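Every chain is numbered from 1 and lettered A, B, ... according to where its sequence line falls, protein lines coming before strand lines. All values below come from the heavy atoms of this structure, side chains included, with hydrogens, waters and symmetry mates left out. These numbers come from a predicted model, not from an experiment.
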Amino acid sequence: MSTGFFTDTTLCIGCKACEVACKQWNELPSDGYEFTGNSYDNTSQLSGTTWRHVAFVEQMHVEETTIDDRWLMMSDVCKHCTHAGCMEACPTGAIIRNEFDSVFVQPDICNGCGYCVVSCPFGVIDLVNVFNAEASGAYGLATLNDQRLDDKQTAVQATGGVAGKCTLCYDRQTLGMTPACAKACPTESIQFGNLEELRERANARVESLAKRGIEASLYGAGDVGGGIGALNAFFLLTDRPEAYNLPVEPVLPSTRQPAGYTAAALTAAGLAIAGWMIFRNA
Amino acid sequence: MPGLGTSFGRGGATVWVPDLAHADCILIEGSNFAEAHPVAFRFVMQAKERGATIIHVDPRFTRTSAMADVYAPIRSGTDIVFLGGIINHVLANESYFKEYVAAYTNAAHLVREDFVDTEDLHGLFSGWDEEKNGYDVATWDFERDEHGAVVNDPTLQHPRCVLNVMRGHFARYTPEMVEDVCGTPRASFLKIAELLAKNSGRERTTAFAYAVGWTQHTAGVQFIRTAAILQLLLGNIGRPGGGIMALRGHANIQGATDIATLYDLLPGYLAMPSALRNEQTLEQYLKSTTKPSGWWANTPKYVVSLLKAFYGDAATKDNDFCYDYLPQLTGDHSTLPTTMAMKDGNVKGYFVIGQNPGASSQNGELTRSAMERLDWLVNIDFYDNETVSFWKREGADPSKIATEVFFLPAATVVEKEGTMVQTSRLLQWHDKAIDPARDSHSDLWYFYDLGKRLKALYAGSNDPKDRPILDMTWEYDHDDPHERAKGEPSALRVLREINGFYTATGEQVKAFTDLADDGSTAAGGWIFTGVCPDEHTNHARSRSGDDSTSLNWGWAWPANRRTLYNRASADPDGKPWSERKKYVWWDEEKREWTGYDVPDFPKTKAPATPAIPGGKGLDAHSGADPFIMNVDGKGQLFVSGALKDGPLPAHYEPLQSVVRNPLYEQQSNPMLRQWDRPDNAYNKAVDAAYPYVLTTYRVTEMSGIMTRYVPWLAELQPAAFCEINPELAVEKGIKNGGWVTISTALGEMEARALVSGRLRPLRIAKGQRVHQIGIPYNYGSQVAFARGDSVGDLIALSMDPNVSIHESKSLTCNIRAGRRAPRHSGVVDADVPSSERTTMGQSSALGPEDLRDPAALTHHARANDGKDASHGMRQMGQGDRPSPEKGA
Amino acid sequence: MHNVATPDEAFAGASGRDSLPATPTYFERPMLKAPHWEWNVITYLFLGGVMGGLGVLATIARDDRDDERRLRRSARYASFALAAINPLILISHLGRPERFLHMLRIVKFKSPMSLGVWGLILFSGAAGANVARELADAGVLPRWTRHFAPSITTPLQAALGAFVAGYTGVLLSATAIPLWGAGKTHIPAASVCSGFAGACALASLLATIEGNHAVTRKLERLEIVAGGAELAILLDFKRAAGSYGAPMFEGARGEKLRTHTLLAGIVAPMALNLIGSAIRLPKPLDAVRTTAASILTLFGGYVLRETLIEAGKASAADPRAAFRQPR
Amino acid sequence: MAKTTIDLTKMLSAGEGLRLSERVGMMPNLASERTRTLKGRIAHAKPVVSLCPYCAVGCSTLAYVSDEGKLLDVEGNPDSPISGGHLCPKGSAIFGLTVNDQRWTTVKYRAPYSDRYEERPLAWALERIAQRVKETREQTFVKSSDGKRVNHTLGIASLGGATFGVEENYLLGKLMHSLGVVSIENQARI
């Protein structure tokens, strides 16, 4: 069965329960304690150890009316793409597609090469490199160091780090449980379920919002283009994707490979012929 | 809670939280619902999805505003004008729910002829005594006939009937006035007024939700009163999707009020005996506290049962059930006056349990320096905090602080069992999951242990003053051998004692109606009677919810009623007001009240039952009087005498305000209480040195010490910050994310600037531009991952006259870019001989974190801080009634 | 969204930001993650190109000319040495040796990293076989061992060499980094050119040390061609990349690209090489010239990779580039 | 350490190796042993019904406990009609509140004029506190004031109560009232 997330930003109250529930379940440390001044967003981005991230977009009118003032909030997450750049790039096979059709990083296989990091068109996956004694002190509850976890050795791997991102709570799904973020979300802005059902629900939601005069669009319920296909974690937005720090035209990096290999091959052939000629004509 | 209590009868939220989903309109004001109560807010979102209109009125555009259909800005502290404006609108347009108002409120009562309204006395009510600096409330009463019965005019024509008195009183609260005072654009105000009227009546209901945004003002109780009046006029009390949702701030705030650890209350909202009233004997006390009609006619039963629960067999009819064991009040012993007394050296020992006044109290430096004068401090908590470590705060010199400090490690909620009462008065039991970490113990364990040790220490004493300790029943050993071995008391045993039992048999009492005043029953908290109705049942542990009123999930006091005053959901004849808003109704066949909830009414009292003039208890009420706790069974639009600052709400500016009161000559609440002394300096009203409004609040991600150490939460809001609007930021050269220093007459704090258009400058009367600054009240500067100066350090202590709640929501301040100067606190009282100081202090060098500025070492300024200052407290007059109104 | 003060606008005055950005972004936060790659990956890419180019040179060189014979030998030794070093550099990036083995769990055609590692391994095999052949020829190894290196390993090393040199470009261009994506043909082609030029330079250097001056002329001519092609490709990259190219071609990094990579790393050695082919300098001076040209070329090759990686990091930090990614 | 290399040998060993062809190519799906046997850590844990200690909404929680009595996870209880299994960020962090290396789980004692805390045995601290309570009470107890019986002490105060339970409030109140303490306050007023 294909499962995924439908994140309806019109229901998001920006409480960040998803961020915390995710960290609690996945036993992830904090990313540091930096005040950004960027609205209420102090975690700033998805990272190797922040697998849900709530974006805050303030759109306040300068003049006195308050009618159209908006404070948009969106809980961002790994998109679990149909064609996933990270998975294609992974040279070890650490990133796999599991039986729930989600893109899963096997921490015991990942060797921390970082190639997935630059291959995600959404800037989601990142290396985790805070799992050492020094860092755990600085960052507080580095629970992967907790003795209760028997596989922490494989999870932490080495000081070089492993890639980290949302697993769509694979380990919870194997128990028939809802992912931690979707379960916690007080207003059910994050909905988890069968993808087909979620997409139907999302389309219906767009229509019902339109009836209320709210213009909304889906991001990733269908093909997002660039060879990526649909997203298993998709969103309902009420502004341009860029407003939420989402790409409007993402591209699957591997689509550039044929051109690259061809150019390289032609150049190499050309130079080889040139060399051959130079050596022979000398 | 007098705001709700004096209006409806009980000091609790009238609403069952999930019922908010059935509202057609929800007005959220004085509350940042989505941020402070995110999970309950899902019912607001459900209501919205069902088509309800969500309105948010707040000084700041918050995450709640972002979800609301209508947001209106308001100048902090002016809610009486805003709500009063709606009352005026509703009365002027005759859009109130006439049948409801006529039948269920005291609108028809005639007010005494000698009552004079604020209209005619420049903001004061009749009875003001300049010398006494207080009111004689005699005139705030109803006209009575020769038998003492209130005179009514059912036609509502009489100029002195409550409805018409209100018309006159609120006539001044026009939309123009609202715009001039609140800064709320007229269009927004009118839209909201119309939405409320449109969504009230037979077919539709509107709910109100508030929190400490209303309580923490010097007129906070009157804010809530205004809301109560409006909801009565709109006919929304006691009905599904209606009511007033008082959102409590902490897990067991309601329970700590019900089974009170408040100086003026005994469990079950019984008044603490006071030497300021004539309550020396049980008889005198009962005479003073029992009401002739309404439910409080039963007071003696509850008092005697409580004494039996406390003192067991020692309490007999002959010794007034040990009534004299209870201490008597001699003044206001609430937390702020106690802090002042501590500062003045009159408190020697202090227990601080799960509380961090060092960071969360107002006038933080006064609070912390007051603790220097203690002999001992016991703090039970999970983490190091600004209270227990007050002696090493910035600028303090530990070598001069004599206080002996004990930190006892507490058990967290999963490490213990017990009951908490949530915001809808619902008792919920939690099981224990794991043993507490290392030496940690439940608070129950500590209290039980301390009680046992004190009993042992006092054993054999013949001093009568020690009898209460020796006679107090104290047997709570756990049934589970594992727990008993560790000395853990049984919370269930305690809960059973609170529920009550028959003293002869030990059998549990099933309902508070079975309690007696002859010593045959014991009950530690009568309102909870019924939660453990027999040996095997603990309803607080009931765990079968449903989509409706979930009567089998937990247990709500009183008697498991979810929506209070739900008799009012039916018309006077007992029929639902409408099919759509059907909830509790009279079943003519079965001759009883029935419905989706437990009726908040005598089950078999027919709607047509006439009131018996002069009848005792509920006999004085008719079958159509839904507010059974009240003397007359009606909702009180006009409250006679029970509140200290007026029978009707009138707008006063906050004690520290940026404007003159535009409504009356009287600037601020004449009854507010303040301490004019150097260590509690106030900003003067309309002081050019402090031109900005300052308001405080909490954010979703933080509470206090319970969150600041949790990395997952600390990273979400890691530092104290200050929200200001871009216009002011530009004017002051403040950079977003940079440091700012905010100041009041009391001192300075620093924070990071969060420049946001969400804090809209307001335009009030005469085009005056008002900037509001917001600072979250979550931080402390000494410890934890998330930290920063506490805004409490800027707030001088002042109190509401009714419930002694401080004013922290509307203040004034100044602001500048940059960081504050180092603090030179740690002023030591002179009681310690200097020789002792040096000898004791020699070995202990100061840590680097103790002093930011080495110069502070030599700084001994402000010695004897406040010691010689006059006590200076005004309005310390004691209440004549219990005041269970609470904040938080 | 007219009349709406975006966070940028609202903050502009307060934060003293001089000009408003053209498109509002999310607090100017990067949308993409920057590569975590430092000197070791830069070196890995650079040496991969040189190593691959050497493999090709070893094949072009003829057996029947002594100078080319010696070139082939030194190219084989050198490329084998680099093939041995490069995995160590990669391991230094990965943190622990056994992590490299995870690369060998699978072959993934869609992963340039995977293909590259396998290419590197096969290249190492071919290079090893060819080195064995050289050693056997030199009499270091018994002569019969020569049979273990079939004649196919020579062209195989060339083919794999071309692949290894090219893959270091595809490795960058087939990522989400906008700058690199914009150079989807240019970066692989330039990488090959740079690899060839580097190989020629290294071979010239070795030949100069060996005293094999005859072959340096040929190498230098090839180097001129490779360098010229690289220059042309990079200039065309600048044109084609448009605004995506800004992090690489503008500002301080653009300046560094011009002075270090283009001028010092390509144009200068080209000029030196042209001088070499136009004028016959005295031997010692010519050796200095060759050495200088070679070192500059190698330096240019490293700096090109370094510039690409650093500019890639800057490109990842530009949300506007990331919102609309190059096809 | 060895575990990381096992996968390679396993892959090439019989059974695994046979399916190698399926795994080489565009999109290999090579699940490791850990992945194949992955199960949430609470698979065999016992859920204990608890409550959220933060705001007053009263969200029910499930605390999952291992056979060894260790806390593994705290999350929302879906049976609750109030919370429906949802939690806010604070509620989602109850685990971090409880299992936290910053937590103080022993008695800390600061002697008068000292600049540091010392660890003290629990029993010692409790006995000392009891003695100090008695001492202060003896010093400050007032039997009558202005001719009226008051039987109280203003020398001891207590603050707290809204973060702990009903039973705890009751016992605290009962004890304090019996001691004659009247300044018994809690967060409800604050």
Side-chain angles (χ1 to χ4, degrees), chain A residues 10-17 19-24 27-44 49-50 53-54 56-73 136 138-143 184-189 205 208 212, chain B residues 33-35 37-42 44-46 48-49 51 61-67 69-73 185 187-188 699-701 709-721 725-727 735-738 751-763 785-788:
Chain A
T10 59
L11 298 175
C12 180
I13 57 172
C15 73
K16 311 182 199 169
E19 289 194 38
V20 179
C22 172
K23 290 209 173 190
Q24 198 262 171
E27 310 207 277
L28 300 168
S30 93
D31 282 8
Y33 308 108
E34 191 205 351
F35 178 81
T36 65
N38 296 339
S39 194
Y40 278 6
D41 180 3
N42 289 306
T43 41
S44 292
T49 44
T50 296
H53 165 248
V54 182
F56 289 81
V57 183
E58 296 187 10
Q59 296 176 336
M60 313 307 288
H61 288 65
V62 179
E63 70 266 27
E64 305 236 328
T65 167
T66 61
I67 301 302
D68 295 321
D69 281 352
R70 298 203 299 179
W71 194 6
L72 307 176
M73 298 145 203
S136 77
Y139 291 92
L141 201 72
T143 48
C185 181
T187 51
E188 291 168 44
S189 166
R205 176 75 180 163
S208 81
R212 283 200 244 156
Chain B
F33 202 149
E35 296 195 41
H37 304 88
V39 178
F41 194 73
R42 71 197 191 98
V44 177
M45 294 296 280
Q46 283 173 16
K48 188 180 173 187
E49 290 305 315
F61 188 99
T62 67
R63 285 177 264 198
T64 306
S65 322
M67 293 298 121
D69 297 289
V70 180
Y71 163 73
S188 299
V699 290
T700 307
E701 301 88 340
Y709 278 102
V710 183
W712 302 323
L713 297 169
E715 67 175 330
L716 300 177
Q717 295 285 13
F721 60 92
N725 68 62
E727 193 180 302
K735 280 187 157 188
N736 185 43
R752 307 290 292 276
L754 186 57
V755 180
S756 171
R758 295 183 293 99
L759 272 94
R760 170 178 305 282
L762 300 173
R763 195 173 297 285
F785 294 122
R787 58 165 92 176

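Under the side chain to side chain contact (heavy atoms under 4.5 Å, CB included) criterion, B:Glu727 pairs with B:Asn725, B:Pro761, B:Arg769, B:His771, sequence neighbours left out. Every residue meeting the side chain to side chain contact (heavy atoms under 4.5 Å, CB included) condition with A:Ile13, not counting sequence neighbours, appears here in chain and number order: A:Cys15, A:Thr187, B:Ala34, B:Pro38, B:Phe41, B:Met67.
For the pair A:Glu188/B:Glu49, no side-chain contact is recorded, criterion being any heavy-atom separation below 4.5 Å from C-beta on. Within the 4.5 Å cutoff, no side-chain heavy atoms of A:Tyr40 are placed close to those of B:Leu716. At a threshold of 4.5 Å between non-hydrogen side-chain atoms, the residues B:Met45 and A:Leu11 count as touching. Between A:Tyr33 and B:Arg787 the shortest side-chain heavy-atom distance does not fall below 4.5 Å.
Proximity to chain A is absent for every atom of B:Val44, based on heavy atoms less than 4.5 angstrom apart. Looking at B:Ala753, the atoms closer than 4.5 Å to chain A (heavy atoms on both sides) all sit in the backbone: N, CA, C or O. Neither the backbone nor the side chain of A:Cys185 comes within contact range of chain B; no heavy atom of the residue lies under 4.5 Å from a heavy atom of that chain. For B:Glu701, the part sitting under 4.5 Å from any heavy atom of chain A is the side chain, from C-beta outward, and nothing else. Contact annotation for A:Ser208: neither backbone nor side-chain heavy atoms come within less than 4.5 Å of a heavy atom of chain B.
Between A:Trp71 and B:Phe61, the two ring planes are tilted [angle within 30° to 60°].
A:Glu58 approaches B:Ser756 most closely through the heavy-atom pair OE1-OG, 2.6 Å.
Distance alone, capped at 3.5 Å, places no donor-acceptor pair between the B:Trp712 side chain and the A:Glu19 backbone. Without hydrogens or angle criteria, A:Asn42 side chain to B:Glu715 main chain gives no donor-acceptor distance under 3.5 Å.
Residue B:Leu754 holds its CG atom at 6.5 Å from OG of A:Ser39, rounded to the nearest 0.5 Å.
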